[in-house]
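Structure record follows, encoded as structure tokens.
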Amino acid sequence: MERLLYLETPVGRLGITASPDAVTRIFFAREHQSVPSGRSVPEICTVETATPLLRQTVRELEEYFAGARRDFTLPLSPAGTPFQQTVWTALRTIPYGETRTYKQIAVQIGCPTACRAVGMANNRNPIAVVVPCHRVVGSSGTLTGYAGGLDVKEHLLELEKGK
């Protein structure tokens with residue numbers, strides 16, 4: 001059974017869901033989030049009643065927002081197609097404080113003409129912040145769409161640049 005915890009952060013409220021073994025979603029709570037098909041409604045909990053994994057997730061996110069964490073050690077289990085999984089794995093290789101273009105990710109995964117598909121997979125990333133889709137920018141370096149909003153994307157990139 002998945003459990004859901006809400007966390008207030010400098011970029012707004014995040015919802016975190018986890019199974020007993022892995023984080024399954026981190027999303028901006030201001031978004032309308034439906035339960036993915038085939039999944040049961042998660043039980044809502046507080047930090048006090050959270051599982052050890054949810055408490056670890058809160059701790060790592062708080063450290064990240066405080067500028068004290070660059071890498072996450074959480075076990076992840078995002079639901080997605082094999083192509084999406086490949087893109088999300090590639091996103092986790094983008095170093096803290098750096099960006100990549102959709103084209104660079106497409107080349108990295110061996111599909112150099114799949115820029116738009118990479119963009120769609122990026123858009124469907126179910127684990128915001130930890131799977132750093134905010135580090136992907138347009139070909140000219142411009143900020144492009146982000147589930148949390150471009151202001152949040154800019155905030156995360158500025159945080160990682162130490163500004």
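Given the structure is predicted, the values throughout are model-derived calculations rather than measurements. Only this structure's heavy atoms are used, side chains among them; waters, hydrogens and symmetry mates stay out.
Arg92 CZ to Ile127 CD1: the interatomic distance, rounded to the nearest 0.5 Å, is 8.0 Å. Atom OG1 of Thr57 sits about 6.0 Å away from atom CD1 of Ile26, to the nearest 0.5 Å. Interatomic distance, CG of Leu53 versus CD1 of Ile16, reported as 9.5 Å (0.5 Å rounding). Remark: Gln85 CD to Ser77 OG distance equals 7.5 Å, nearest 0.5 Å.
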Is there a ring pair (Phe, Tyr, Trp, His ring centres under 6.0 Å) between Phe28 and Tyr146? Walk through the geometry before answering. CA-CA 10 Å; Phe28 294 93; Tyr146 187 64; 5.6 Å; yes
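Judged by distance alone, the side chain of Lys153 and the main-chain N or O of Thr144 form a donor-acceptor pair under 3.5 Å. A donor-acceptor contact shorter than 3.5 Å is absent between the side chain of Arg135 and the backbone of Leu91. In this structure a side-chain-to-backbone donor-acceptor pair under 3.5 Å is present from Lys103 to Pro112. Put simply, the side chain of Asn125 never gets that close to the backbone of Pro132: no donor and acceptor are under 3.5 Å apart. A donor-acceptor contact shorter than 3.5 Å is absent between the side chain of Arg13 and the backbone of Leu7.
Side-chain atoms of Val136 and Val118, non-hydrogen and from C-beta on, never get closer than 4.5 Å to each other. Counting heavy atoms from C-beta outward, Arg100 and Val137 have side chains that stay 4.5 Å or more apart. With a 4.5 Å cut-off on side-chain heavy atoms, Tyr64 and Thr9 do not count as touching. You'll find the side chain of Glu8 stays beyond 4.5 Å of the side chain of Leu14, heavy atoms only. Considering only heavy atoms from C-beta on, Val130 comes within 4.5 Å of Leu76 through its side chain.
Qualifying side-chain hydrogen bond (donor to acceptor under 3.5 Å, both in side chains) partners for Thr89, counting only residues two or more places apart in sequence or in other chains: none. Shown here are the ring pair (Phe, Tyr, Trp, His ring centres under 6.0 Å) partners of Phe65, two or more places apart in sequence or in another chain: there are none.
Below 30°, between 30° and 60°, or above 60°: for Phe27 and Tyr6 the angle between ring planes is above 60°, a perpendicular geometry.
For the residue pair Thr24 / Thr17, a side-chain donor-acceptor distance below 3.5 Å is found, with atom types taken as modelled.
The two residues Ile94 and Glu98 come nearest to each other via the heavy atoms CG2-O, 3.6 Å.
Comment: Glu160 does not engage Arg70 in a salt bridge, judged by the lack of any side-chain N to carboxylate O separation of less than 4.0 angstrom.
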